[in-house]
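Take a look at the structure below.
Quantities reported herein were computed from a predicted structural model and do not represent experimental measurements.
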Amino acid sequence: MTATGTLVPFAEAMERYEPVIGLETHVELGTRTKMFCGCTTVFGAAPNSQVCPVCLGLPGSLPVVNRMAIEYTIRIGLALNCTIAAWCRFARKNYFYPDMPKNFQISQYDEPLCTDGWLDVPVADRVIRVGIERVHLEEDTGKSLHVGGATGRIHGADYSLVDYNRAGIPLVEIVTKPVEGTGAAAPEVARAYVTELRDLVRALGVSDVRMEEGSLRCDVNTSLAPRGSGRWGTRTETKNVNSLRSVERAVRFEIERQAAVLDSGARVIQETRHFHEDSGTTTAGRSKEEAQDYRYFPEPDLVPVAPAAGWVEEIRAALPEAPSARRERLQREWGLPEAEITALYNVGALDLVAQTVAAGASPDDARKWWLGDLARQANGAGVELADLAITPAQVARIAALVAAGALNDRLARDVIEAVLAGAGDPDEVVSARGLAVVSDEGALTAAVDAAIAAHPDVAAKVRAGKATAAGPLVGAVMKATGGKADAARVHELILERLTGP
Ligand SMILES: [Zn+2]
């Protein structure tokens with residue numbers, strides 16, 4: 001039996017086992033109409049308000065392929081360095097499920113539109129090339145809602161409702177080749193892959209890729225084999241993992257769980273598993289020990305898809321700049337090391353820094369504020385950097401005030417806190433709270449003189465030529481001005497007073 005509930009600590013599991021991961025990602029295309037009919041696809045519309053005889057599977061209705069969905073899929077395939085099929089067909093995948101009105105799903109089986117590509121994924125200090133097995137098109141199913149039970153599942157429910165708005169929405173499935181040799185970085189690689197894929201698809205303008213709305217969904221395959229065994233273990237498939245963080249956690253948990261199963265002498269069961277956001281664990285779903293027979297056959301109601309070579313080349317020529325190319329360009333423009341760019345990207349700060357630079361800040365200043373104080377604020381609040389209530393333009397304005405000497409770093413942090421708290425734009429905060437640096441030299445000089453008078457021993461050391469001893473005097477002036485002085489200028493003034501001519 002499997003040792004469910006028992007886990008091997010991750011680091012320990014990695015000493016004895018080598019993981020292989022694979023990712024199957026579904027992307028809902030933003031074509032605004034469905035895959036085989038003209039129904040609209042607005043998110044959150046009233047149930048069953050976006051349906052017609054074709055997507056309801058009524059007798060006598062016939063599907064027609066959405067040309068834009070083909071074009072979008074080719075765009076994704078080309079961006080993933082795939083070969084685009086000159087001729088391919090849709091297939092019927094036959095199974096019964098109440099939220100699938102036709103009793104079959106139109107998908108692609110042995111003739112996918114795009115095959116054999118790759119995506120370079122930045123992870124910490126290196127780039128990992130993830131192979132792409134295939135990119136194919138299919139239609140989404142509807143959605144069941146089980147009402148009255150405790151679990152939200154059909155067992156124990158009083159009744160069930162079904163919404164066919166989603167039935168027939170074009171989905172692209174992107175399947176990686178097995179990713180080997182990542183070792184302990186496997187969870188991080190999985191997350192970095194989905195992040196890079198999401199940003200690429202978004203840059204291509206073919207989907208809004210919102211994981212929280214289900215327009216990007218991810219199934220994560222994980223297997224473990226003893227180190228040096230030269231073979232692969234049995235894989236599990238964790239379904240519908242719906243955040244980037246969960247992708248990483250799901251792989252990590254499966255590694256810890258499967259290591260315990262293997263350690264106990266049992267075998268890992270080939271099955272789908274469900275990921276639970278609250279506990280970060282997975283539980284067993286459907287067994288895949290016996291392959292389900294979907295009785296695939298070519299869809300007889302659709303003509304084959306044969307994209308003309310000229311059209312494919314037109315699409316290729318019009319591809320926008322990929323995120324990886326953009327990172328290389330920004331690295332050149334900003335003169336930062338590659339590792340810095342990767343770090344910014346991995347914490348979700350690259351776009352924010354780019355927008356802050358576009359708003360007039362220097363790359364160094366933009367990076368300093370987003371990775372420093374703002375990252376701390378985001379961590380403290382448990383939110384992503386992009387969700388902080390401050391805009392890149394506001395950060396650029398604060399950086400400009402610091403550069404002009406109107407704010408010092410400490411005051412700038414106060415301004416940031418006030419902006420985050422909703423107190424208004426930086427300039428409004430500065431004037432409303434009197435946060436500007438004391439730039440009145442007369443007032444500063446008076447504070448310097450008072451500090452010297454209060455600390456004669458320190459003053460004597462500085463007068464004797466020990467400029468580095470001035471710290472307590474600077475501190476006293478900063479305290480006297482409520483932190484509103486430019487510390488560097490105060491230091492200068494002290495030296496002028498004590499060692500000047
Ligand atoms: Zn329809």
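Ser246 places no side-chain N or O within 3.5 Å of a backbone atom of Asn242 that could act as its donor or acceptor partner. A donor-acceptor pair under 3.5 Å is absent between the side-chain atoms of Ser215 and the main chain of Met211, judged by distance alone. No donor-acceptor pair closer than 3.5 Å links the side chain of Asp99 to the backbone N or O of Thr141. Side chain of Thr176 to backbone of Gly131: no donor-acceptor contact under 3.5 angstrom is found. Formation of a donor-acceptor pair under 3.5 Å by the Gln258 side chain with backbone atoms of Thr222 is found in this model. Side-chain N or O atoms of Asn66 include one that pairs as donor or acceptor with a backbone N or O of Met68 at under 3.5 Å.
The existence of a salt bridge linking Glu254 and Arg252 is excluded, since no basic side-chain nitrogen approaches an acidic carboxylate oxygen closer than 4.0 Å. Using a cut-off of 4.0 Å between Lys/Arg side-chain N and Asp/Glu carboxylate O, Arg316 and Glu313 are scored as salt-bridged. Note on Arg326 versus Asp199: no salt bridge recorded, every NZ/NE/NH1/NH2 to OD/OE distance being 4.0 Å or above. A salt bridge links Glu139 with Lys102: the closest approach of a Lys/Arg side-chain nitrogen to an acidic carboxylate oxygen falls below 4.0 angstrom. With respect to the salt-bridge test (charged N to carboxylate O, under 4.0 angstrom), the residues Arg89 and Glu299 do not qualify. A salt bridge is absent between Asp120 and Arg126: the closest approach of a Lys/Arg side-chain nitrogen to an acidic carboxylate oxygen does not fall below 4.0 angstrom. With respect to the salt-bridge test (charged N to carboxylate O, under 4.0 angstrom), the residues Asp208 and Arg210 qualify. Checked for salt-bridge contact, Arg191 and Glu196 miss the test: no charged N lies under 4.0 Å from a carboxylate O.
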(Q) Go through it in stages, so that I can follow the logic: the residues are Asp116 and Lys177, the test is side-chain contact (heavy atoms from CB on, under 4.5 Å), and I'd like the CA-CA distance, side-chain angles, deciding distance and then a yes or no. (A) CA-CA 9 Å; Asp116 197 25; Lys177 296 176 180 173; 2.5 Å; yes

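Within 6.0 Å of the CD atom in Glu338, the count of heavy atoms belonging to other residues, nucleotides or ligands does not exceed 12.
The aromatic rings of Phe36 and Phe90 sit perpendicular, their planes meeting at an angle over 60°, well past the 30° parallel limit.
Counting only N and O atoms by type, the side chains of Glu271 and Thr236 include no donor and acceptor under 3.5 Å apart.
Relative to the ring axis of Phe104, Arg92 places its NZ or CZ within 45° and under 6.0 Å from the centre.
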